[in-house]
Chemist: 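Can you read through this structure? Questions will come right after.
Every chain is numbered from 1, with letters handed out A, B, ... down the list of sequences.
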Amino acid sequence: MTEPKSDFLRAIVDRGFLHQATDFEGLDAALCKGPVTAYIGFDCTAPSLHVGSLLQIMILRHLQKSGHKPVVLMGGGTTKIGDPTGRDLSRQMLTEEVIATNKAGIRKVFDKFLTFGDGPTDAVMVDNDDWLSTINYISFLRDFGQHFSVNRMLTFDSVRLRLEREQPLSFLEFNYMILQAYDFLELNRRLKVTLQMGGSDQWGNIVNGVELGRRVDQAELFGLTSPLMTTASGAKMGKTAQGAVWLNAEQLSPYDYWQFWRNTDDADVARFLKLFTELPLGEIARLAALEGAGINEAKKVLATEATTLAHGRDAAIQAEETARTTFEQGGLGGDLPTVEIERTALEKGVGILNLLRQAGLSASNGEARRLIQGGGARVNDAKVEDEALVLDLGALNSDGVIKLTAGKKRHVIVRPV
RNA sequence: GGAGGGGUGGCCGAGCGGUCAAUGGCAGCAGACUGUAAAUCUGCCGGGUAACCCCCUACGUAGGUUCAAAUCCUACCCCCUCCA
């Protein structure tokens, strides 16, 4: 592969976003010629997106920054028939209202990363429900069915692996790749989209779309995939004990988001800096060269930069500041998760087990008890030795709140109201 | 439609009449060591509770047999394989 000439591909390659592409040179040339419109598809099964989608979002951001037009395709139509991947076949179909709500939530996330509008390089969001829901089976078969070879479809990884492992593959699933290919064709017709991007697991779908476009409309389409994201320890990106790492502040506070990045595995830091921040590569190289405890500096930069993209500079700085006072000075930062408690209840006295539960630091009294027995619970930084401990107004610190801690990292402020 | 196999805790997977709240692995939580990392070691890991005492809930669903069932019987639901 030669060094790409277009800004976009150079960024994508240099920062580690590229897995494979169809006609890399052709795409490079097209990107040099003028604005290219490209899309990535997203599910709308949840009211927000989590870190697992961040890689794709960043690609769209780079695309826009280098002068091209990003299209966000919402899979509203495909969501309607449920997601057939995995064994969760019976997953509930979502109603129109839920889908609409989810789309609105997702749109808010994208607003942070992309500039939407009507301009030539402004991002737009579309929903494949607009064309999929009106498909007529007979005419669809006649117009497009002839272009799909089952023999060929059977060779795609997504299908082949399932067959080799003798796992069931429903006809519905088998059709997904056709519908996705059709999305590409439709987007090309409607919005002059000529490039589809996605995770490497989407390669088969993307190639199908490229070929369908060529066969039906003689359109020159391109596809590009990014590596599937895993952490150094092999886990899927974006899952933590508390659940998914959401990109919107309603579901995950900027402080927690910052913490997620701060806790990145050493081995992932350089890679993540390239993928999830927009720092210049030279700066990243400098940070990545830090050794031993010094790498913590790089993690803080990663956390602050990544949080800036999702929540804005101010929120990121505040999260960083809170982390500093909490972790480095043993104080309590103002941005820590806060739980309110009735002042009158506190006057009477609240059991520590109960309080830990209310603060969300343990799921049950038993778990809270175990936490204390294991020596992991602290009140105002003092280890709790007695699980029968009762806290009242006397437990308030000089700030008039109680700082509850579970383990080394989980802090909650309890504030009387 | 016929024959066979199977549904066990977040996941994988033992158990196949009492000693089973259920072996083991993974994941998770806490402690130690550190650097809010990794690896390692230790403890915990259904709920209630003063403690491994007891109570409640749990091995697809609903009944039944038995002093006693995740384990046996019956019906039903679901999944898989083979045959038609």
Chemist: Scan every strand shown for a Watson-Crick or G-U wobble partner of A51(B), both distances under 3.5 Å, and answer none if you come up empty.
Modeler: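 Base-paired to nothing in any strand shown.
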Chemist: Could you state the atom-to-atom distance from CG of L356(A) to P of C29(B) in whole Å?
Modeler: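 About 16 Å, once rounded to whole Å.
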Chemist: For C29(B), which nucleotide is its Watson-Crick or G-U wobble mate, given both distances must be under 3.5 Å?
Modeler: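 G43(B) is the nucleotide pairing with C29(B).
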Chemist: Whole Å only: how far is the CD atom of E367(A) from the P atom of G10(B)?
Modeler: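 Whole-Å distance recorded here is 14 Å.
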Chemist: With no angle test and no hydrogens, is the base of U36(B) tied to the side chain of E328(A) by a donor-acceptor pair under 3.5 Å?
Modeler: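 Answer no: no donor N or O sits under 3.5 Å from an acceptor.
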Chemist: Run the side-chain hydrogen bond (donor to acceptor under 3.5 Å, both in side chains) test on T115(A) and D122(A) for me, step by step, so that the C-alpha distance in whole Å, both residues' side-chain angles and the decisive distance to 0.1 Å come before the verdict.
Modeler: CA-CA 6 Å; T115(A) 306; D122(A) 284 343; 5.7 Å; no
Chemist: Does the structure show a Watson-Crick or G-U wobble partner for U23(B), both distances under 3.5 Å? Name it, or say none.
Modeler: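 In the structure as shown, U23(B) has no Watson-Crick or wobble partner.
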Chemist: When all nucleic acid strands are considered with a 4.0 Å heavy-atom cut-off, which category describes G294(A): base, sugar-phosphate, or nothing?
Modeler: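 Here G294(A) touches no strand at all.
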Chemist: To the nearest Å, how far apart are Y255(A) OH and U36(B) C1'?
Modeler: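 It works out to 9 Å between those atoms.
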Chemist: Using a heavy-atom cut-off of 4.0 Å across all strands, would you classify A406(A) as base, sugar-phosphate, or nothing?
Modeler: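 Contact class for A406(A): sugar-phosphate only.
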Chemist: Could you identify the nucleotide paired to C72(B), looking across every strand shown and requiring Watson-Crick or G-U wobble geometry with both distances under 3.5 Å?
Modeler: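 Matched C72(B) with G64(B) under the 3.5 Å cut-off.
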Chemist: In whole angstrom, what separates F327(A)'s CZ from A37(B)'s C1'?
Modeler: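 Roughly 13 Å, once rounded to whole Å.
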Chemist: Taking CG from D265(A) and P from A37(B), how many angstroms apart are they, rounded to a whole number?
Modeler: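 Checked: the CG to P distance equals 10 Å.
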Chemist: Determine whether a donor-acceptor pair (one donor, one acceptor, N or O, separation below 3.5 Å) exists between the side chain of N365(A) and the base of G47(B).
Modeler: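 No, the side chain and the base share no sub-3.5 Å donor-acceptor pair.
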Chemist: Does this structure show an ion pair linking E305(A) with R313(A), if we count only N-O contacts that are shorter than 4.0 Å?
Modeler: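 Judged by the 4.0 Å cut-off on N to carboxylate O distance, E305(A) and R313(A) do form a salt bridge.
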Chemist: What are the atom names and distances for every N/O pair under 3.5 Å that joins the protein to nucleotides 51-59 of chain B?
Modeler:
| unit_1 | atom_1 | unit_2 | atom_2 | d |
| --- | --- | --- | --- | --- |
| A51(B) | OP1 | E387(A) | OE2 | 3.0 |

Chemist: Please determine whether a side-chain nitrogen or oxygen atom of R410(A) lies at a distance below 4.0 Å from atom OP1 or OP2 of A30(B).
Modeler: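 For R410(A), the contact criterion (side-chain N or O under 4.0 Å from OP1 or OP2 of A30(B)) is met.
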Chemist: What is the separation between atom CZ on R370(A) and atom P on A50(B), rounded to the nearest whole Å?
Modeler: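 It works out to 14 Å between those atoms.
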Chemist: Counting just side-chain N and O atoms, does T264(A) come under 4.0 Å of either OP1 or OP2 of A37(B)?
Modeler: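 Checking T264(A) against A37(B): no side-chain N or O falls below 4.0 Å of OP1 or OP2.
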Chemist: Over how many whole Å does the gap from W261(A) atom CH2 to A37(B) atom P extend?
Modeler: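 Between P of A37(B) and CH2 of W261(A): 17 Å.
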Chemist: Please evaluate the base of U34(B) for a donor-acceptor partner in the side chain of K408(A) within a cut-off of under 3.5 Å?
Modeler: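 Donor-acceptor pair under 3.5 Å: yes.
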Chemist: Would you kindly give the CG-to-P distance between L371(A) and C44(B), to the nearest whole Å?
Modeler: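 For the pair L371(A) CG and C44(B) P, the rounded distance is 15 Å.
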